[in-house]
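Quick notes on the structure that follows.
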Number of protein chains: 2
Amino acid sequence: MVEHSRSRPDALINLDRSVCYNRGMVAKLEKKPSPRQRLLAAADELFYNEGIHAVGIDRVIERAGVARGSLYYNFSGKDDLIKEYLLGRHASWTGRVDEQVAKANGPAEKILAVFDALGALFVEPSYRGCAFVNAIAEAPVDGPEIRAAAHFRSWLHELFGNLTAELPVHNPQELADQLVILYDGAVAGAQMDNSPKTAATAKTVASIIIGASLGRDLPELERLQLTAD
Amino acid sequence: MVEHSRSRPDALINLDRSVCYNRGMVAKLEKKPSPRQRLLAAADELFYNEGIHAVGIDRVIERAGVARGSLYYNFSGKDDLIKEYLLGRHASWTGRVDEQVAKANGPAEKILAVFDALGALFVEPSYRGCAFVNAIAEAPVDGPEIRAAAHFRSWLHELFGNLTAELPVHNPQELADQLVILYDGAVAGAQMDNSPKTAATAKTVASIIIGASLGRDLPELERLQLTAD
DNA sequence: ACTGATTTAGACTGACTTGTCTAAACACAG
DNA sequence: CTGTGTTTAGACAAGTCAGTCTAAATCAGT
């Protein structure tokens, strides 16, 4: 029985790390990625753009330029590939958000920075909605999408939960729930209406409810409300 | 042939085609629905619960208790069935929202009534997210889902656009955009987190931003903000 | 150069997909 | 009753699906 994909060094998202220049040709820095990496890249593109169910294995291996056997050597099957695809989306997006949040100063600004990250995402021409929302929409009840989506949602709630905990508000958890709704609404609206401006609109509402939660007596939030209008 | 698909729970469960104690005689009340109606009911249930792509027409005709040929006699193909399925979802939901809104008194209350309708929807055990968001997630670029979803989004924007136009606010269109985001966020969050309370949370935020748009000087909205906290 | 791990190309299975077609039965109106 | 429109059961085509398997080639480490 051919054994499956155990966690190998290039398994995760660091796609650029194993660019080994040890392959005879010294001048060529750009070595072709491993079949596993090419499969993940092809799956990411195809699954996200056309839907998981609509893309067959043959399309993935063709796009990756990889033999059929390599897929089943590196992954246990399509479900495994789906799982890794969603794990990659999770890691990629959380990294971008964390980076954007880290650059902001102050708890309220860090919250608003999340919506800036959304705005940068929405303007990308490849944007086609939240990969996890889309995956859940077509997922079977026992599919690998369920776990991955639950993992992602935990991250999202913890993100706003941690950020609102830094604010001197009466009920930070309630504020976090409200911000999650704004996040989800911006994500869904940007896809359904093909309008990236939902990020800015959600950010405006976010500044309003942050101000409302703070009782509107903090000068920094007063300014936020003004600039939002 | 003109019958449009109202999502009717009656034809969903009883598929027995041999309950013909009413053959040609009286008892027109309990007459079996037409094959077309049974096909639409079966498609509505299966497409919504398991995804359009994941459900084959064999599953639909089996659930409807209808011969294969009847499907292609009443519909031009699966795409036609998908189109009618989404048209039915559109009509059913807009009817429910209009009803709920009509019962409310006052422009602000009518807006908040939309979120009450969402709350009633989310607590239904069959709720599995917005049929149009789910359909778009797995739709091919030339699929019938695109048109249907665009039609639905137009309705949604007009709904809040018309409601906010009744309010004495400075920028009703901006408020409408914000309310759409709250609507979308409640819908997405209720599905992804399996928590119907997103409707109440979104309603709270809606009352806040309505109050903010009104300048917080209307007594009715002051009360809304208080009860929301 | 030897060895084991990995990749390749392709045949192949069995199940599933949408859609067409046939032949017969049924429904109902004139 | 007859004729037209509708439904039924099932076979059938042509394609796609995920997954297995073989046999040879190529890789990397020693």
Side-chain angles (χ1 to χ4, degrees), chain A residues 1-6 8-11 18-25 31-40 42-43 46-47 50-83 85 138 140 142-144, chain B residues 1-3 15-20 22-25 28 31-40 42-43 46-47 50-83 85 138 140 142-144:
Chain A
M1 183 176 287
V2 182
E3 263 311 323
H4 42 294
S5 64
R6 63 175 288 279
R8 59 187 66 257
D10 61 35
S18 70
V19 187
C20 37
Y21 349 87
N22 54 359
R23 218 295 198 73
M25 303 283 289
K31 156 121 178 46
K32 193 159 79 170
S34 71
R36 167 173 252 264
Q37 288 171 327
R38 275 181 287 159
L39 284 166
L40 285 173
L46 292 173
F47 286 164
E50 306 182 27
I52 294 172
H53 211 105
V55 174
I57 291 296
D58 292 322
R59 300 271 319 281
V60 177
I61 64 175
E62 180 196 13
R63 167 85 65 164
V66 150
R68 188 176 194 72
S70 292
L71 192 155
Y72 289 96
Y73 186 83
N74 290 280
F75 302 92
S76 66
K78 189 184 185 181
D79 276 3
D80 195 22
L81 191 59
I82 295 170
K83 190 186 73 181
Y85 151 66
E138 53 171 332
D142 59 342
Chain B
M1 183 170 170
V2 196
E3 299 163 317
L15 327 150
D16 42 347
R17 69 176 82 94
S18 311
V19 267
C20 44
N22 55 352
R23 268 287 162 71
M25 290 304 292
K28 301 175 73 172
K31 183 160 185 183
K32 191 164 73 170
S34 70
R36 168 173 248 265
Q37 286 172 326
R38 277 179 287 159
L39 284 167
L40 284 173
L46 292 173
F47 287 165
E50 307 181 27
I52 294 172
H53 210 103
V55 173
I57 60 168
D58 288 326
R59 300 269 321 279
V60 177
I61 64 176
E62 179 196 11
R63 167 84 68 169
V66 151
R68 186 175 196 74
S70 292
L71 192 156
Y72 288 96
Y73 185 84
N74 290 281
F75 303 90
S76 66
K78 190 185 183 181
D79 276 3
D80 195 21
L81 191 60
I82 294 170
K83 189 186 73 179
Y85 151 66
E138 52 170 333
D142 58 342

Residue list, side chain to side chain donor-acceptor pair (under 3.5 Å) with A/D58, at least two apart or on another chain: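 Checked A/D58 against side chain to side chain donor-acceptor pair (under 3.5 Å); matches are A/R68.
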
Whole Å only: how far is the [atom1] atom of [X] from the [atom2] atom of [N]?
{"X": "A/R38", "N": "C/dT6", "atom1": "CZ", "atom2": "P", "value": "15 Å"}
{"X": "B/L71", "N": "C/dC21", "atom1": "CG", "atom2": "P", "value": "16 Å"}
{"X": "B/I61", "N": "C/dC16", "atom1": "CD1", "atom2": "P", "value": "14 Å"}
{"X": "A/N74", "N": "D/dC27", "atom1": "CG", "atom2": "P", "value": "16 Å"}
{"X": "B/F75", "N": "C/dT18", "atom1": "CZ", "atom2": "P", "value": "15 Å"}
{"X": "B/E62", "N": "C/dT17", "atom1": "CD", "atom2": "C1'", "value": "15 Å"}
{"X": "B/F47", "N": "C/dT18", "atom1": "CZ", "atom2": "C1'", "value": "12 Å"}

Please tabulate, one pair per line, each protein N/O and nucleotide N/O from nucleotides 14-21 of chain D that are separated by under 3.5 Å, including the distance.
{"unit_1": "D/dA18", "atom_1": "OP1", "unit_2": "A/I57", "atom_2": "N", "d": "3.4"}
{"unit_1": "D/dA18", "atom_1": "OP1", "unit_2": "A/K78", "atom_2": "NZ", "d": "2.8"}
{"unit_1": "D/dA18", "atom_1": "OP2", "unit_2": "A/I57", "atom_2": "N", "d": "2.5"}
{"unit_1": "D/dA18", "atom_1": "N7", "unit_2": "A/R68", "atom_2": "NH2", "d": "3.2"}
{"unit_1": "D/dG19", "atom_1": "OP2", "unit_2": "A/Y72", "atom_2": "OH", "d": "3.4"}
{"unit_1": "D/dG19", "atom_1": "OP2", "unit_2": "A/K78", "atom_2": "N", "d": "2.9"}
{"unit_1": "D/dG19", "atom_1": "N7", "unit_2": "A/R68", "atom_2": "NE", "d": "3.2"}
{"unit_1": "D/dG19", "atom_1": "N7", "unit_2": "A/R68", "atom_2": "NH2", "d": "2.5"}
{"unit_1": "D/dG19", "atom_1": "O6", "unit_2": "A/R68", "atom_2": "NE", "d": "2.7"}
{"unit_1": "D/dG19", "atom_1": "O6", "unit_2": "A/R68", "atom_2": "NH2", "d": "2.8"}
{"unit_1": "D/dT20", "atom_1": "O4", "unit_2": "A/R68", "atom_2": "NE", "d": "3.3"}

Taking salt bridge (Lys or Arg N to Asp or Glu O under 4.0 Å) as the definition, give me every residue that meets it alongside B/E50, ordered by chain and number, with sequence neighbours left out.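 For B/E50 the salt bridge (Lys or Arg N to Asp or Glu O under 4.0 Å) partners, ignoring immediate neighbours, are B/R59.
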
If the condition is salt bridge (Lys or Arg N to Asp or Glu O under 4.0 Å), which residues does B/K78 pass it with, not counting sequence neighbours?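 Scan of B/K78 (salt bridge (Lys or Arg N to Asp or Glu O under 4.0 Å), adjacent residues dropped) gives none.
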
How far apart are the C-alpha atoms of B/F75 and B/L40, what are their side-chain angles, what is the distance that settles it, and do they pass the side chain to side chain contact (heavy atoms under 4.5 Å, CB included) test? CA-CA 10 Å; B/F75 303 90; B/L40 284 173; 3.8 Å; yes

Under the side-chain contact (heavy atoms from CB on, under 4.5 Å) test, which residues partner A/A64, sequence neighbours left out?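 Per chain and number, A/A64 pairs via side-chain contact (heavy atoms from CB on, under 4.5 Å) with A/R38, A/L39, A/A42, A/V66.
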
If the plane angle is over 60° it's perpendicular, under 30° parallel, otherwise tilted; pick one for B/F47 and B/Y85.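 B/F47 and B/Y85: perpendicular rings.
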
